[in-house]
Amino acid sequence: MDEIGDQYTPADVEEAVTAYWDEHDAYEATKEAHADDPSFFFVDGPPYTSGQMHLGTAWNKTLKDAVIRYKRMTGHNVTDRPGYDMHGLPIEVKVEEELGFESKQDIEEYGMEAFIEECMRFAEENREAMDEDFKSIGAWFDWDDPYKTISPEYMEAAWYAFSQVADHGLVEQGKRSISQCPRCETGLANNEVEYDEVVDPSIYVKFPLADREGSVVIWTTTPWTIPANTFVAVSEELTYAAVRAEKDGDEELIYVAEECVEGVLKKGRYDDYAIEETLSGEEMVGWTYEHPLAEEVPDHPSFEGARTIYTAEYVEADRTGLVHSAPGHGEEDFERGTELGLDIFCPVDSDGTYTDAAGKYAGQFVREANEDIRADLEANGALLADETYEHSYGHCWRCDTGVIQLVTDQWFISITDIKDELLENIEDAEWHPQWARDNRFRDFIENAPDWNVSRQRYWGIPIPIWVPSGGTPRDEDADRSDLTEDMIVIDSRETLAAAVDQDVDPESIDLHRPTVDDLTITRDGTTYRRVPDVFDVWLDSSVATWGTLGYPGETEDFEELWPADLIIEAHDQTRGWFWSQLGMGTAAFGESPYKEVLMHGFANDKNGRKMSKSLGNIVTPEEAIDRAGRDPLRTYLLSHDQQGVDLSFEWDGLGDTVGRFNILWNVFRFPLPYMELDGYDPADADMNDGELSIVDEWVLSRLQTVKAEMDDAWDDYAVHDALNTLLDFVTEDVSRFYVKAIRERMWDESESESKLGAYATLSVVLDEVIRLLAPFAPYITERMYQRFDGEATTVHALSYPEVDSEFHDPDLEDDIAVLRAAEEAAATARQQGGRKLRWPVDRVIVASEDKAVRESIDRLSELFLDRVNSRSVEIVDTFDELVAVAEPQMSAVGPAFGADAQKVMQAVEGTTRGEIDAGIEIDGETIELADEMVEYRSETPPGITGAAFEGGTVYVDTTLTDELEAEGYARDVIRRVQQMRKDLDLDVEESIDVGLAIDDDRIAGLVDEHRELIAEEVRAETFGDDPKAAEDAVETWDVEGISVTIGIDRRRE
RNA sequence: GGGCCAAUAGCUCAGUCAGGUUGAGCGCUCGGCUGAUAACCGGGAGGUCCGCGGUUCAAAUCCGCGUUGGCCCA
């Protein structure tokens, strides 16, 4: 791995480094090097094992990897166990697809045990593929020992935590209205419901009043919930109208909110109407009505308090102002119904078909019954209007089936009971960025409902609750409070083995279903059975901070490390993992399980749109690596805001990043040939060797400033700021200024003190840059380190460079900043004066009214002269050679001179103040000019051009003398010979013979004065005047309009 | 429908917290330099600071109302 190519080729570098790491166990060496450092407990957010790495997960793992590498280099023993989230419905659905299943029934027929084995195989296969993906971007985690949510230790961690939650009285069982996927036949958490636009029926239905004339009108998009209608809700704040409406000669009385009268009448296509009476919502409370499908659904709610009008807060003056309410379905309906003490009637099964209680519709799938219900309502004369409506509607996140709202029995963690504690615990974690915590996260927690943790599925952690047989949660008659009281919550395999009636080996038992389903517990003569549900998969990852430590099975690490020092995920996890962990940590242990959060963004396409198959705008990490490389991809991702802001992926931007690595590569390989020639080993660089020049001191000082700025950025996990500060230093300071400044010194004699100083400085700068960059770009830095030093097994095991105040000289940095600005202005002035940098000038004038600027240039005058190629510099507050040039003011000249004004203008324009003062002549007559007729602008005298910089102006005197011209031409000849040497591919130290002919006698004479200089610079042994005789190369050049013919010959021994 | 975030040069982004003539890099273009050469340096062109309104002597920045995109929630 010793050859350094002329070109930076990421693929070659990365291939070589990967092989090197494998061969030398670089990862293990790195961990070993920091094994005794203070611990840093990082916890990996477990990606779900149903897909492969995409750009977003690549970013996520890259950021984590960079932080871990940085933390190690700054002296921490970092926990780097990767995690995988391997349970849950998404995998079940994928396996069902593979097996061609369509319903739960298929799973039962296939056999639960076999199905679960398939899920495990699927998850493991995906995990292995994802391992490889993550490794491919240089993510150094402990891939041999990931934590997996399906391992017995991990599942036990969930059981233990849940039992703690139960001990705190926060586990409840009860009926709740939930989103149910009728295909998966399970309840879904809110965040598992995705909203898509669908077209649904939109019907207005008349509910005939029982104790008076007329009907109330409701609107619904779910006709299938009408069989379960239990009450109608009105608003306390609305006024309602009794409307006498007429259609086709028939009259009827309907009640709607006053504001909705016109809308409803229009929908019903009534010919005419009159408002008979208005009344408040309150006045309507207690009115009763007939169920509009009374005959079709004989068992419809008719219990005490049913078919009655009540108020509810969820009623708005929308559509009709009255709301059909079915506590057996809707969440709000359920809450209000419970509040009113109404029974819950839900005639729908978990698979979305009506039960016998639905009468005529029994056995039908609810959404398919919509049409029959609509027809029956119409036949009953209850349909006021019948339309369709496009709106967003919830769908199962995995199988895309439209969800239905049902009231079922579920197990909950009563988050609402500990809300104050949750809000307090938020404060214990520091977030980057902080606004995410204080706005979004806090808002969410304030509104968080109880956490439904039960799923009626197979591939998950079985809920460790055993309840008395006959009192299962599916039993309609079971008393809820008793159930919670009587439940037994098992916290571990040991406890399980001790408690159950069967023989169980805690060492070998697999806690998955169906193994645990058959285990019973007998206590005081009562037999307990496990509730059949599994945990919501969000509960799995919520226990990650102790699950990854094997707690409670292993307690040592937990006691030492917990809670986590840092977690890193994208902003979608605010209400995902950031939340679930806080909820679980608080409910189980009373505290936040993490101390710091770094929240990054999403990787979108170049237009800021989500990458998706349907938009065809997906960029894969593989493609990015193929086109640009691993280090450039990582660096590109990390150079953008890492705190809450999305990334718009752009190929050009990735290309720019490659460009910056090219610069770094060039800086790195630039000194190598010289050092090799001198037998200089950069690893042995010693600042005491050689002599430091001002630019050496400056770049070393800049390096200290850069480290200090990077430290500040890292402290705030502003990873992008740290990286960009470093990259700017490499391109702006090291490449553009420093390397350019020391190039000449590289050609000094081998024992030159100045050269040794430059070697030492550049060695130190490169050594530190390599280490500073290592966390971001692990491959190229390893490559460079191994070429440059290589003493340690890997650069990643080394320490991060620290600020050395001995080399910090802010005043010098200020001086050089001024110098660079002035130098830039000088270059501009030269360009305007048509004098290229290779040609020396006699003098440069720096004019500044700022004393500090003048002093800076004065202190650095030698360097300044060198860089602007001038023989002298004058530093002044004002440049007194400027010429005041007259500008006629025509608003004054015109009225005074009338017809002669044009002549006056021409005579005045461009003359100097002296000439004006001496008097202007027009047609032989001297004329009088008033002060206001002329203004003056300052111009440089002939041969001098100026350009401003921040803090002053630089003037360059480009007047030629023979001496300047002689050197200029000589330098041009040198440059041409060097080009020819290079074209011949000569060795740097190889000698040549030169022949030179210049097609202008005067110039030839001038150049002749510098024969020795030329011969020395181009390593010419002989210098003749017959270029054509040369055998190796003859070329004629145009130098400033003069034809110059050069011939060169390699010296042959 | 609600909350949070974003929108500034062709592209990527600073600047917004703390109001005072919009900046940088890349790209483009013209020129220069050059034994780092697919590198490097300088000049130039290139902006309704997403829109509309308000506060203010003064708004990219503060406030309000929108538009577009992202995430989360309903």
Side-chain angles (χ1 to χ4, degrees), chain A residues 6-8 179 190-191 193 195 316 318 331-332 391-394 433-444 446-449 570-576 579 599 601-610 636 639-641 643-660 662-674 720-721 724 727-728 731-732 735-737 739-740 743 746-747 820 823-832 834-838 867 869 947 971 974-975 977-990 1017-1019:
Chain A
D6 286 352
Q7 239 65 60
Y8 166 51
S179 294
N190 287 334
N191 51 18
V193 179
Y195 289 82
E316 291 171 1
D318 180 47
E331 193 175 340
E332 290 176 319
H391 64 147
S392 68
Y393 188 81
Q434 204 198 326
W435 55 255
R437 183 191 81 179
D438 292 341
N439 298 332
R440 186 192 264 226
F441 195 50
R442 180 175 297 277
D443 287 352
F444 176 68
E446 278 170 356
N447 299 317
H571 49 45
D572 60 328
Q573 296 302 330
T574 307
R575 280 139 203 235
W579 151 245
M599 184 189 92
F602 266 43
N604 294 325
D605 78 357
K606 66 182 160 86
N607 298 315
R609 278 170 207 277
K610 173 166 37 186
Y636 172 73
S639 66
H640 289 78
D641 197 333
Q643 300 196 358
V645 180
D646 290 344
L647 167 83
S648 298
F649 182 90
E650 233 268 325
W651 285 111
D652 286 349
L654 185 57
D656 292 347
T657 307
V658 176
R660 305 193 86 172
N662 271 325
I663 295 173
L664 173 66
W665 189 259
N666 276 316
V667 169
F668 159 69
R669 74 187 189 86
F670 154 75
L672 296 179
Y674 308 104
H720 53 295
D721 285 339
N724 291 325
L727 293 178
D728 286 348
T731 53
E732 286 292 323
S735 175
R736 285 178 193 163
F737 194 86
V739 168
K740 199 179 169 191
R743 276 168 67 170
M746 296 288 114
W747 289 91
R820 293 181 76 175
E823 178 190 339
E824 196 175 308
T828 306
R830 268 182 172 273
Q831 189 164 331
Q832 281 167 7
R835 187 71 69 233
K836 57 191 177 189
L837 186 61
R838 196 184 298 126
R867 293 187 66 94
N869 194 14
R971 295 277 170 204
I974 292 168
R975 149 88 187 101
V977 176
Q978 300 288 37
Q979 183 64 48
M980 290 171 74
R981 285 183 62 109
K982 194 174 155 195
D983 293 344
L984 283 175
D985 217 12
L986 298 186
D987 268 354
V988 163
E989 48 184 357
E990 204 166 342
E1017 290 284 322
V1018 304
R1019 297 192 183 225

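By convention in this document, chain letters (A, B, ...) are assigned in the order of the sequence lines, proteins followed by strands, and residues within each chain are numbered from 1. Values reported hereafter were calculated over all heavy atoms of this structure, with side chains retained and with hydrogens, waters and symmetry mates removed.
Shown here are the ring-ring contact (aromatic ring centres under 6.0 Å, His included) partners of A/Phe737, two or more places apart in sequence or in another chain: A/Trp698. Residues that satisfy the ring-ring contact (aromatic ring centres under 6.0 Å, His included) test with A/His640, not counting sequence neighbours, are A/Tyr636. Residues that satisfy the side-chain contact (heavy atoms from CB on, under 4.5 Å) test with A/Ala827, not counting sequence neighbours, are absent from this structure. Residues satisfying the side-chain contact (heavy atoms from CB on, under 4.5 Å) criterion with A/Ile974, sequence neighbours excluded, are A/Arg971, A/Gln978, A/Leu1013, A/Ile1014, A/Glu1017, A/Val1018. In this view, A/Glu332 and A/Tyr314 satisfy the side-chain contact (heavy atoms from CB on, under 4.5 Å) rule, not counting sequence neighbours. With sequence neighbours excluded, the residues forming a side-chain contact (heavy atoms from CB on, under 4.5 Å) with A/Trp435 are A/Pro433, A/Asn439, A/Met599, listed by chain and number.
For A/Phe444 and A/Trp579, the ring centers are positioned less than 6.0 Å apart.
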Atom pairs, N/O to N/O, protein against nucleotides 66-70 of chain B, distance under 3.5 Å?
unit_1: B/G69; atom_1: O2'; unit_2: A/Gly608; atom_2: O; d: 2.5
unit_1: B/G70; atom_1: O2'; unit_2: A/Asp646; atom_2: OD2; d: 2.4

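Among pairs with a residue in residues 649-660 of chain A, those fulfilling salt bridge (charged side-chain N to carboxylate O under 4.0 Å, His left out) read A/Arg660-A/Asp728, at least two apart in sequence or across chains.
B/A7 is paired with B/U67 under the Watson-Crick or G-U wobble criterion, all donor-acceptor distances under 3.5 Å.
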Nucleotide-resolved protein contact map, nucleotides 25-33 of chain B, B/S/- at heavy-atom distance under 4.0 Å: SS-----SS
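Within the 4.0 angstrom heavy-atom criterion, only backbone atoms of the sugar-phosphate kind lie near A/Tyr674; the bases stay farther away.
Along RNA chain B, the nucleotide nearest A/Lys982 and the nucleotide nearest A/Ser648 are compared for position; the residue whose nucleotide lies closer to the 5' end is A/Ser648.
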